[in-house]
Amino acid sequence: MDRVYFVTAKQDYLTATQQSWETDTEAAIATIKVKYPKLRHLELMTFVRSPEGKNCGEQTTVSPNLDAAHAAIAGRSNGFVTVAPHFLVPNCNVFSNAPHMSSQGNATMGNLIGEHYAAP
């Protein structure tokens with residue numbers, strides 16, 4: 001395995017400090033590197049976000065501290081870590097019981113994310 005896409009999450013995701021996000025994420029990255037010594041690239045992701053920062057229910061918004069932590073970690077990594085795009089749902093109707101999506105919502109977002117990562 002040479003590439004990992006890592007979705008960062010934690011219980012206090014809205015109130016955690018940037019430093020807390022950085023510390024926990026860097027510890028996870030260190031563990032991943034040990035488990036996958038041939039790893040060449042790691043991409044940090046957040047969960048799918050509500051449209052334009054709108055709150056669609058629990059765990060549909062992302063803290064600016066998380067985004068700042070991702071940017072800081074990537075900036076220190078000499079290109080080993082990058083930050084994934086922020087994938088937004090088209091509307092709150094994709095959630096059946098936030099943060100869980102309906103079957104249609106899963107298909108919609110799966111297609112959106114898949115198109116981004118599809119080989120040209």
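Note that the coordinates shown come from a computational prediction; the quantities given were computed from them, not determined experimentally.
Across every non-hydrogen atom of Pro99 and Thr60, the tightest pair is CA-CG2, 4.4 Å. For the residue pair Pro51 and Asn91, the shortest heavy atom distance occurs at CG-CA, 4.0 Å. The shortest heavy-atom contact between His86 and Asp67 is NE2-OD1, 3.5 Å. Listed here is the closest heavy atom pair of Val34 and Pro37: O-CD, 3.7 Å. The two residues Pro90 and Thr108 have their closest heavy-atom pair at CG-CG2, 4.1 Å. For Leu14 against Val62, the heavy-atom pair with the smallest separation is CD2-C, 4.4 Å.
Residues Tyr117 and Phe47 are members of separate hydrophobic clusters, defined by side-chain heavy-atom contacts under 4.5 angstrom among Ile, Leu, Val, Met, Phe, Trp and Tyr. Both Val7 and Leu112 belong to a single network of hydrophobic side chains, linked directly or stepwise wherever heavy atoms of I, L, V, M, F, W or Y lie under 4.5 Å apart.
Annotation: the span from Gln11 atom CD to Gln59 atom CD amounts to 7.5 Å, rounded to 0.5 Å. Leu88 contributes atom CG, which lies 8.0 Å from atom CD of Glu52 (distance to the nearest 0.5 angstrom). Annotation: the span from Ile113 atom CD1 to Met45 atom CE amounts to 5.5 Å, rounded to 0.5 Å. Considering CZ of Phe87 and CE of Met109, their distance stands at 7.5 Å, rounded to 0.5 Å. Taken to the nearest 0.5 Å, the NZ atom of Lys10 stands 6.0 Å off from the CH2 atom of Trp21. Summarising the geometry, atom CZ belonging to Arg49 is positioned 13.5 Å from atom CG belonging to Asn55; distances are rounded to the nearest 0.5 Å.
Every residue two or more places apart in sequence or in another chain was checked for a ring pair (Phe, Tyr, Trp, His ring centres under 6.0 Å) with Phe95, and none qualifies.
Within 6.0 Å of the CG atom in Asn78, the count of heavy atoms belonging to other residues, nucleotides or ligands does not exceed 12. More than 12 non-hydrogen atoms from other residues, nucleotides or ligands lie less than 6.0 angstrom from CZ of Arg76.
Checked options Thr82, Leu66, Ile29; the residue passing with Leu44 is Ile29 (criterion: side chain to side chain contact (heavy atoms under 4.5 Å, CB included)).
Contact annotation: the side chain of Ser96 never approaches that of Gln104 to less than 4.5 Å [non-hydrogen atoms, C-beta and beyond]. In this structure the side chain of Val94 never reaches within 4.5 angstrom of the side chain of Val48, judged on heavy atoms.
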Phe6 vs Thr8, side-chain contact (heavy atoms from CB on, under 4.5 Å): CA-CA, chis, key distance, verdict: CA-CA 6 Å; Phe6 183 64; Thr8 53; 3.5 Å; yes
